[in-house]
Amino acid sequence: MFDDFRSFVEELDKKGELKKIQGADWDLEIGTITELFAERRGPAPLFDEVKGYSKGYRIAANVVMTARRQKIAFGIPEEMPELEVIRDWKDKFNRYKPMPPREVKTGPVMENVLKEENINILKFPTPKWHEKDGGRYIGTGVVTITKDPDEGWVNCGTYRVMIHNEKTLAFYSSVGKHAVIAREKYWAKGENCPVVICFGQDMLLFAMATMQLPWGMSEFEAAGYMKGKPIEVIRGPITGLPIPATAEIVIEGFSPPPSVDSRPEGPFGEWTGYYASGARNEPVVHLKAIYHRSDPILHGQPPVKPPANTWYPIPLHTAVTLWNRLEVSGMPGIKGVYVHGPGNRIIAVVSIKQGYLGHAKQVGTLAATMLSGGACSGRYIIVVDEDIDPADWESVMWALTTRCNPEDSIDRVRGFLTSPLDPMLPPEKREKRDFTTAKVIINACKPYHWMKDFPPVNRASDALRKKVMEKWSSLFV
Ligand SMILES: Cc1cc2nc3c(=O)[nH]c(=O)nc-3n(C[C@H](O)[C@H](O)[C@H](O)COP(=O)(O)O)c2cc1C
């Protein structure tokens, strides 16, 4: 596995997965090329010599938007089926043992240090990605690092970052996210919240930052565990927070209480396919230092309108923790978990071996409570039988259309957390900051109490298939 972002980008190049592009404009050209490449499932664009910027200040986009690239990024065998990838990571999380980061004195990220009047985040060729974006978003594939002031553990999360000016960034994170909880604790004490943000870093640390890990589990420790060796960090000279030693670009700064400073953030072309959250006043980060490697590569992962996608196609960020939590809860019979839809967050599918009356309803209700905390996350939960591969959308549709009776197989539960990014939040709820939504729990399993009488499936048995395929082997090469 790779210890930094650039060695992963180099590997993409070696494997024919990269396209180098010189001379594009940061103002909408890079964003539009990225979108067009995503729609065509093209190679990952690596932009250099961006208009108005020096050679070597690069941006790599769409780096994990295909299953192949995602597998390369995380050292997953390329032939492994999608559900097995989720199962493998889920099994690793079931055996989880924290691997604390290793503090080192210095590292490549300290090759260039900018302080005081030299602080200028506009030094990097940050794109304006979408036409209606309210600014240039440097943070699309980021890791934001904060510390809980009372409990002392360090969190990493991926939260978008807009540039306000040379020394000020927007700090947008949705309600309920761990950084939001931590920063409010500082503000309640009248203190500024220390923040480190990395723009281009070890991909496993990025993966952990995008996963909804439990409260108290540090993504640094989880990334080290998944790699089998500690993440190397430098103690931030200003904030004391850990800085990944091999990151491309890092800022250290402080987020003051919104009563002291908050500014309009957005609109931004969001992963749901809309500019739903518009512009609102949000907290900011005042920069106290910038560190960067020479010839830095900014990690760009701007959302594009579905069904195109620049995020992971295999839902490691949502399905792994959902499966793990269902198992840890002691729920029997869980055979597979997958999450479909925009951002791989909206439609969760859980396959089960039904063991008792009400089992499917119990699993669906539990899954609905466990997959939450982002716009429309887990808005639809579908429970299917064990013969359905939850990763195979066509098979899920077959179950939904043949094993689900709308009269009694569908439930709606109100009052779950969504976020301002939810395009279906009515203006009056948005106004009151009532970011809640209903969820739909769909039982698409054969009805338990008459399962034995359910019509048999008209697929040739495995024994018959084997016999016929052996006899007609030349047809099935
Ligand atoms: C590419 C990408 C971008 C994301 N951007 C945001 C964002 O701007 N704001 C946000 O609250 N969550 C965003 N998320 C989701 C969070 O990263 C995710 O919920 C994560 O679990 C948050 O970390 P936390 O649980 O430690 O708060 C994004 C996820 C991905 C994959």
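Computed from a predicted model, the values in this text were never measured in an experiment. One-based numbering, in listed order, for ligands and for the atoms of each.
- Contact annotation: for Ser419 versus ligand 1, there are no heavy atoms closer than 4.0 Å.
- Of all atoms in ligand 1, numbered sequentially from 1 with element shown, those under 4.0 Å from a heavy atom of Asn155 are 26 (O).
- For Arg345 and Trp311, the positive end is not near the middle of the six-membered ring at less than 6.0 Å and at most 45° from its axis.
- The residue among Thr158, Thr146, Thr144 with a heavy atom at the shortest distance from atom 28 (C) of ligand 1 is Thr158.
- In this structure, atom 19 (O) of ligand 1 lies nearest to the protein heavy atom Lys177 NZ, 3.0 Å.
- Here the heavy atom of the protein found nearest to atom 31 (C) of ligand 1 is Thr210 CG2, 3.4 Å.
- Below 4.0 Å from some heavy atom of Arg160 lie the following atoms of ligand 1, by number and element: 7 (C), 8 (O).
- Checked by distance only, ligand 1 and Ser174 come closer than 3.5 Å through their nitrogen or oxygen atoms.
- Against a heavy-atom cut-off of under 4.0 Å, Gly157 is close to the following atoms of ligand 1: 23 (O).
- Counting atoms of ligand 1 from 1 in the listed order, those under 4.0 Å from a heavy atom of Arg345 are 15 (C), 19 (O).
- Nearest protein heavy-atom contact of atom 24 (P) of ligand 1 is Tyr159 OH, 3.5 Å.
- If you look at Pro303 next to ligand 1, there are no close heavy atoms at all, none under 4.0 Å.
- Taking the centre and axis of the six-membered ring of Trp323, the NZ or CZ atom of Arg87 falls outside the cone set by 45° and 6.0 Å.
- Taking a cut-off of under 4.0 Å to the non-hydrogen atoms of Gln301, the atoms of ligand 1 that pass are 1 (C).
- In this structure, Gly176 falls outside the shell of residues with a heavy atom less than 4.0 angstrom from ligand 1.
- Nearest to atom 2 (C) of ligand 1 among the protein's heavy atoms is Trp311 CZ2, 3.4 Å.
- Note that Arg183 lies in the cation-pi zone of Phe171, set by a 6.0 Å cut-off to the ring centre and a 45° limit from the axis.
- In the candidate list His178, Met217, Glu265, His178 is nearest to atom 25 (O) of ligand 1, counting heavy atoms.
- In this structure, Gly374 does not count as a contact residue of ligand 1, since none of its heavy atoms falls inside 4.0 Å of the ligand.
- Taking any N or O of Thr140, backbone or side chain, none lies under 3.5 Å from an N or O belonging to ligand 1.
- For the side-chain contact (heavy atoms from CB on, under 4.5 Å) test with Leu298, the passing option among Ile59, Thr140, Val50 is Ile59; the others fail.
- Every atom of ligand 1 with a heavy atom of Met211 under 4.0 Å away is listed here by number and element: 20 (C), 21 (O).
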